[in-house]
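First up is the structure itself, then whatever we jot down about it.
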Protein chains: 2
Amino acid sequence: MDETEQKILDAALSVLVSKGYEGTTTRRIAEAAGVNEVTLFRKFQSKENILREVIIRNLNSALALIDSMFQMETEADQAVSLRNMGLDFIKLMSERIDLISILIEEGRRKPEVQEILSPATQILIKRLSECFELQIKNGKMRNIDPKVAAVTFISFTFYICLMKKFLEGIIGDKEEALEGFVDIFTKGIIKVNDKNLR
Amino acid sequence: MDETEQKILDAALSVLVSKGYEGTTTRRIAEAAGVNEVTLFRKFQSKENILREVIIRNLNSALALIDSMFQMETEADQAVSLRNMGLDFIKLMSERIDLISILIEEGRRKPEVQEILSPATQILIKRLSECFELQIKNGKMRNIDPKVAAVTFISFTFYICLMKKFLEGIIGDKEEALEGFVDIFTKGIIKVNDKNLR
DNA sequence: AATGCATGCAAGCGCATACTTGCTTGCATT
DNA sequence: AATGCAAGCAAGTATGCGCTTGCATGCATT
């Protein structure tokens with residue numbers, strides 16, 4: 001991976017998130033990279049190769065971060081752990097939401113995009129649900145479906161990143177919203193030792 | 001709205017959801033509608049006008065349905081009410097998810113799409129949070145933030161519709177997933193009269 | 001029977017796209 | 001000093017796009 005190739009990939013990502021999938025032309029990538037258009041084709045043969053490389057690198061770096069993110073300190077308060085996890089995840093997500101949004105939409109019609117996105121999504125859910133499963137085994141959470149809990153957590157954080165612009169003025173900033181969510185989420189999943197309620 | 005115009009709008013929607021925003025060309029719309037391409041321009045002047053009309057009609061019909069959807073029977077079990085509401089909403093959502101997915105992604109860069117989508121999103125959240133607010137006043141829910149609860153509910157249902165393909169094999173069908181979600185969701189929001197727990 | 005209007009058809013315009021070709025330039029290794 | 005290789009430059013290909021123009025056709029109202 002020489003310097004020129006790196007410049008091209010960086011430029012391709014920045015054009016992709018600012019102009020969208022179909023708005024990402026080889027002319028724009030070349031201009032943003034400060035190289036001649038023909039250099040793109042000498043290095044990567046086709047535009048498709050460039051975009052695939054950009055997508056795979058970005059998703060892999062995200063997955064690497066996620067692997068170390070979903071761990072709940074066993075001694076700490078669950079709400080605090082969840083809030084910390086949520087903050088980290090929201091940060092990771094909001095830094096990539098433009099790309100992810102493009103991938104989800106393009107993946108609906110392009111199998112080659114789907115093939116990259118599908119395993120990433122599944123690993124994400126799997127990691128978090130394993131984390132929840134451990135909490136259940138340790139008696140820290142009641143016997144809910146850990147996968148559904150994981151999807152609940154991910155879907156909320158994903159949604160507030162995706163809809164950020166529309167949510168301004170409705171709910172507060174991401175931190176406030178996350179706090180409210182964790183409140184709702186925990187009071188359901190924390191094992192209630194006193195069973196005599198209701 | 002004559003018959004030809006209706007045929008064109010129907011065709012435009014079907015091309016839009018199957019080919020995506022940039023894949024929706026006037027040639028394809030004309031072919032799908034069974035009319036000559038030039039007829040599109042005689043009726044609507046521009047491709048943009050056609051797409052705007054398609055989008056506005058579809059979102060308005062969805063909003064009309066939503067207005068009557070978010071009502072919880074006061075005497076029934078909350079979990080049952082929420083599940084019924086969820087089923088209705090998932091149905092409405094999954095019938096339109098291809099279009100909605102396109103609008104969200106295109107809206108990130110096209111202000112004219114954003115202007116249509118933004119109020120629709122806000123009305124959706126407002127309606128559901130009003131519904132929850134009523135439950136809180138009636139003492140059926142504890143004092144959570146109704147807007148955050150609404151976003152929690154909407155984000156989960158939205159996510160399982162959007163990610164349907166990736167979730168197959170991870171969590172069960174939508175009904176099962178919804179049941180698991182409502183379990184987690186309710187146990188947090190139902191007012192616990194016995195305050196002595198934990 | 002005459003008129004008008006909706007639509008079809010064929011052709012084309014200007015523009016942008018991904019990608020190619022042939023040639024030049026300049027730096028780095030030998 | 002000679003060689004090779006990476007990159008620039010200019011031009012061009014074929015394709016598809018939104019949209020326009022001019023003319024033909026056929027149905028419905030008068």
Side-chain angles (χ1 to χ4, degrees), chain A residues 1-57 99 102-103 105-113 116, chain B residues 1-57 99 102-103 105-113 116:
Chain A
M1 178 59 40
D2 65 36
E3 190 192 338
T4 304
E5 289 174 5
Q6 192 59 55
K7 260 165 43 183
I8 291 172
L9 291 180
D10 291 346
L13 176 63
S14 101
V15 173
L16 183 59
V17 300
S18 68
K19 300 289 182 183
Y21 205 92
E22 302 297 330
T24 302
T25 68
T26 51
R27 304 224 204 299
R28 280 181 177 149
I29 297 174
E31 191 194 6
V35 303
N36 195 279
E37 192 184 356
V38 80
T39 302
L40 269 61
F41 293 98
R42 284 201 270 245
K43 293 286 188 185
F44 295 95
Q45 288 75 52
S46 72
K47 172 181 145 178
E48 199 195 337
N49 284 344
I50 299 175
L51 292 183
R52 188 193 310 115
E53 197 65 30
V54 165
I55 293 167
I56 289 177
R57 279 164 186 254
L99 178 62
I102 289 168
L103 294 185
E105 161 54 16
E106 294 300 321
R108 299 186 79 78
R109 269 169 292 281
K110 298 194 174 73
E112 69 272 19
V113 174
I116 303 173
Chain B
M1 177 59 40
D2 65 35
E3 192 192 336
T4 304
E5 289 175 6
Q6 191 59 54
K7 262 167 38 183
I8 291 171
L9 291 180
D10 291 346
L13 176 62
S14 103
V15 173
L16 184 58
V17 299
S18 68
K19 300 289 181 181
Y21 204 93
E22 302 296 331
T24 301
T25 67
T26 51
R27 305 224 202 300
R28 280 182 176 147
I29 296 173
E31 191 193 8
V35 303
N36 195 279
E37 192 185 355
V38 78
T39 302
L40 269 61
F41 293 98
R42 285 201 268 244
K43 293 286 189 186
F44 295 95
Q45 288 75 52
S46 73
K47 173 182 144 178
E48 200 194 338
N49 284 344
I50 298 175
L51 292 184
R52 188 193 310 116
E53 196 64 30
V54 165
I55 293 166
I56 288 177
R57 278 164 186 253
L99 178 62
I102 290 169
L103 294 186
E105 161 53 17
E106 294 300 322
R108 300 186 77 80
R109 269 169 292 280
K110 298 193 175 73
E112 68 272 20
V113 174
I116 303 173

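Quick caveat, the model's predicted, so the values are computed rather than measured. Numbered from 1 within each chain, the chains take letters A, B, ... in sequence-line order.
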Query raised in the report: When you check the gap from the basic side-chain N to the acidic O, do B/R57 and B/E53 get nearer than 4.0 Å?
Result: yes
Query raised in the report: So, are B/E22 and B/K110 salt-bridged, with charged N and O less than 4.0 Å apart?
Result: yes
Contacts of type side-chain hydrogen bond (donor to acceptor under 3.5 Å, both in side chains), residue [X], not counting sequence neighbours:
X: A/R108; value: B/D98
X: B/T4; value: none
X: B/R42; value: none

For [X] and [N], what is the distance between atoms [atom1] and [atom2] respectively, to the nearest whole Å?
X: B/K43; N: C/dA6; atom1: NZ; atom2: C1'; value: 7 Å
X: A/D2; N: D/dC5; atom1: CG; atom2: C1'; value: 12 Å
X: B/L40; N: D/dG18; atom1: CG; atom2: C1'; value: 11 Å
X: B/E5; N: C/dC5; atom1: CD; atom2: P; value: 16 Å

What donor-acceptor contacts under 3.5 angstrom involve side-chain atoms of residues 5-17 of chain A, with partners at least two apart or in another chain?
from	atom 1	to	atom 2	distance (Å)
A/Q6	NE2	A/D10	OD1	3.1
A/S14	OG	A/A11	O	3.4

Query raised in the report: OP1 or OP2 of D/dA6 less than 4.0 angstrom from a side-chain nitrogen or oxygen of A/T39, does that happen here?
Result: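 So the side-chain polar atoms of A/T39 never come under 4.0 Å of the phosphate oxygens OP1 or OP2 of D/dA6.
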Query - Sub-4.5 Å side-chain heavy-atom contact between B/L40 and B/I50 - result: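 Answer yes - side chains close enough.
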**Report entry** Neighbours of DNA chain C within residues 7-21 of chain A, by heavy-atom distance under 4.0 Å
**Finding:**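 None, since no heavy atom is under 4.0 Å.
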Query raised in the report: Under 3.5 Å, side chain of A/K19 to main-chain N/O of A/T25, donor-acceptor pair present?
Result: no
Query raised in the report: Along nucleotides 15-30 of chain C, 5' to 3', which nucleotides get a B, which get an S, and which get a -, given that the test is a protein heavy-atom distance under 4.0 Å?
Result: --BBBBB---------
